[in-house]
Protein chains: 2
Amino acid sequence: MLKYLDHMDAVFSALADPSRRSMIDRLSRGPASVSELAAPLEMSFPAVVQHLAVLEASGIVRTKKVGRVRSCTLEPGILSSAEEWLEQRRTTWQKRLDRLGAFLDDTNPPPLPKKDQSND
Amino acid sequence: MLKYLDHMDAVFSALADPSRRSMIDRLSRGPASVSELAAPLEMSFPAVVQHLAVLEASGIVRTKKVGRVRSCTLEPGILSSAEEWLEQRRTTWQKRLDRLGAFLDDTNPPPLPKKDQSND
DNA sequence: CAGATACTTAAGCATTTGCTTAAGTATCGC
DNA sequence: GCGATACTTAAGCAAATGCTTAAGTATCTG
């Protein structure tokens, strides 16, 4: 397997598949066995196991085998890290817009404190 | 190109590549031409154009050609939608933990405030 | 107009991904 | 023990991905 230079690669790659997102969705409601994760998915059991391996490699899911059942749980911190990456870029963009707005306000001061519409 | 059943596929797939994330990062600081996006990336120009096409298909980036220069801008709403998907699952998980905690508090009042834990 | 700049398009190729089937192995319940 | 259950592992394959080079086409600049 190829090693990810950036861990975000693994996280966003794992999130990029609808079957894997459905597994995450299921696990957000509580731990589940591999069979439970597989039940709603229309694919072979080994295919589900492979998806699970991707989720586990990314750190999104942790599993632990008890007897013959593998129990899977969500690791919410990893989802947070992805959220933070997105938030950071989005807010950088937003701040830039705010600065631009302030600059325009300074350069060209507000003429009338009207609320409804501008005309002329 | 294959049509995505779920638009989140396109968004998270686009985010899964480090070159594309670096392009998003650059664009979060303001609009840029394709050449500007390509400059820090150690790959051929057509490769960058292909990455840009992925970003544009996902809706994360919008582009507009002015003269011979294609100007690229970030579409922050798409990043928000990805953020919301993650937040929703993470908070569903968190709420479940909170409910579980409340249940345990009701059933079995707190004995000792321990901080350590080990398992496996 | 001519040459430089900024993409654009097409073809090809190695690797990765997402499945499949066909085998295992390791508990569990009687 | 013995069959059912719950995975596990391996091999194979079609399609998608991430590049490449080699050619375009516009649009500026002098």
Side-chain angles (χ1 to χ4, degrees), chain A residues 1-27 30-58 60-73, chain B residues 1-24 26-27 30-58 60-73 120:
Chain A
M1 194 199 284
L2 195 118
K3 225 176 143 188
Y4 286 112
L5 294 175
D6 189 329
H7 186 248
M8 280 303 158
D9 284 20
V11 176
F12 285 123
S13 286
L15 290 165
D17 184 275
S19 304
R20 288 195 292 262
R21 283 199 308 282
S22 103
M23 292 164 81
I24 292 172
D25 197 54
R26 167 63 189 80
L27 290 174
S33 69
V34 183
S35 299
E36 283 170 335
L37 291 180
L41 300 175
E42 294 187 348
M43 64 180 67
S44 70
F45 192 82
V48 175
V49 172
Q50 283 166 24
H51 280 305
L52 181 59
V54 172
L55 289 170
E56 206 173 353
S58 74
I60 294 174
V61 168
R62 261 193 318 136
T63 76
K64 187 189 176 187
K65 194 151 186 180
V66 179
R68 63 184 164 173
V69 176
R70 179 164 297 276
S71 182
C72 311
T73 60
Chain B
M1 196 199 285
L2 193 119
K3 223 176 145 188
Y4 285 110
L5 294 175
D6 188 329
H7 186 248
M8 280 302 158
D9 284 21
V11 175
F12 285 122
S13 285
L15 290 165
D17 184 275
S19 303
R20 288 195 292 261
R21 283 200 307 282
S22 104
M23 291 164 81
I24 292 172
R26 167 63 190 81
L27 290 174
S33 69
V34 183
S35 299
E36 283 169 335
L37 292 179
L41 301 176
E42 294 187 347
M43 63 179 69
S44 69
F45 193 83
V48 175
V49 172
Q50 283 166 25
H51 280 305
L52 181 60
V54 172
L55 288 170
E56 206 173 354
S58 74
I60 294 174
V61 168
R62 260 191 319 134
T63 77
K64 188 190 176 187
K65 194 151 187 182
V66 179
R68 63 184 163 171
V69 176
R70 179 164 298 276
S71 182
C72 310
T73 61
D120 246 73

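The shown structure was predicted, so the numbers you read here are calculated from the model rather than taken from an experiment. In what follows, every chain begins at residue 1, and chains take the letters A, B, ... in the order their sequences are listed.
The nucleotide whose nearest atom lies closest to any side-chain atom of Ser35(B) is, among dC19(C), dA6(C), dC19(D), dA6(C).
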Might you list the N or O atoms of the protein lying below 3.5 Å from N or O atoms in nucleotides 8-12 of chain C, with each pair's distance?
from	atom 1	to	atom 2	distance (Å)
dT8(C)	OP1	Lys65(B)	NZ	3.3
dT8(C)	OP1	Arg70(B)	NE	2.9
dT8(C)	OP1	Arg70(B)	NH2	2.7
dT8(C)	OP2	Arg70(B)	NE	3.3

Atom pairs under 3.5 Å: protein N/O with N/O of nucleotides 1-5 of chain C:
from	atom 1	to	atom 2	distance (Å)
dT5(C)	O4'	Arg68(B)	NH1	3.4
dT5(C)	O2	Arg68(B)	NH1	2.8

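One can place CG of Leu41(B) at 11 Å from P of dT20(D), the figure rounded to the nearest angstrom. Atom CG of Leu15(A) and atom P of dT17(C) are 15 Å apart (whole Å). Per the geometry, NZ belonging to Lys64(B) stands 15 Å off P belonging to dC7(C), to the nearest Å. For the pair Leu37(B) CG and dC7(C) P, the computed distance is 9 Å after rounding to whole Å. Protein atom CG of Asp17(A) is 18 Å distant from nucleotide atom P of dT16(C), rounded to whole Å. Rounded to whole Å, the distance from CD on Glu36(B) to C1' on dA6(C) is 12 Å. The interatomic distance linking Asp9(A) (CG) with dT17(D) (P) rounds to 15 Å, in whole Å.
To the nearest 0.5 Å, the span separating OG1 on Thr63(B) from CG on Leu52(B) amounts to 6.0 Å.
Taking all atoms of both residues into account, the shortest heavy-atom contact from Val11(B) to Ser58(B) is CG2-O, 3.9 Å. The minimum heavy-atom distance between Ile24(A) and Ile60(A), with the atom names listed, is CD1-CG2, 3.9 Å. Scanning all heavy atoms of the two residues, the minimum distance from Ala16(A) to Phe12(B) falls at CA-CB, 3.6 Å. Of all heavy-atom pairs between Val69(A) and Ser33(A), the closest is CG1-CB, 3.6 Å.
Judged by distance alone, with hydrogens and angles left aside, the side-chain atoms of Arg26(A) form no donor-acceptor pair with the main-chain N or O of Leu37(A) at under 3.5 Å. Under the 3.5 Å distance criterion, the side-chain polar atoms of Ser22(A) are matched with a main-chain donor or acceptor of Ser19(A). In this structure, the side chain of Arg21(B) engages the main chain of Leu15(B) through a donor-acceptor pair within 3.5 Å.
For the pair Ser13(B)/Val54(B), no side-chain contact is recorded, criterion being any heavy-atom separation below 4.5 Å from C-beta on.
The side chain of His51(A) contributes an N or O atom lying less than 4.0 Å from OP1 or OP2 of dC19(C). Under 4.0 angstrom from either OP1 or OP2 of dC7(D) there lies at least one side-chain N or O belonging to Ser33(A).
Remark: Arg70(B) CZ is packed, more than 12 non-hydrogen atoms of other residues, nucleotides or ligands lying under 6.0 Å away.
An end-to-end axis angle of 30° holds for the helix from dC1(C)-dG30(D) to dC30(C)-dG1(D), taken from five base pairs per end and rounded to 10°.
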Exercise for the section: Evaluate side-chain contact (heavy atoms from CB on, under 4.5 Å) for Met23(B) paired with Val61(B), printing each intermediate quantity in order. Expected result: CA-CA 10 Å; Met23(B) 291 164 81; Val61(B) 168; over 6 Å; no
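Note on Ser44(A): a base of the nucleic acid sits closer than 4.0 angstrom, heavy atoms only.
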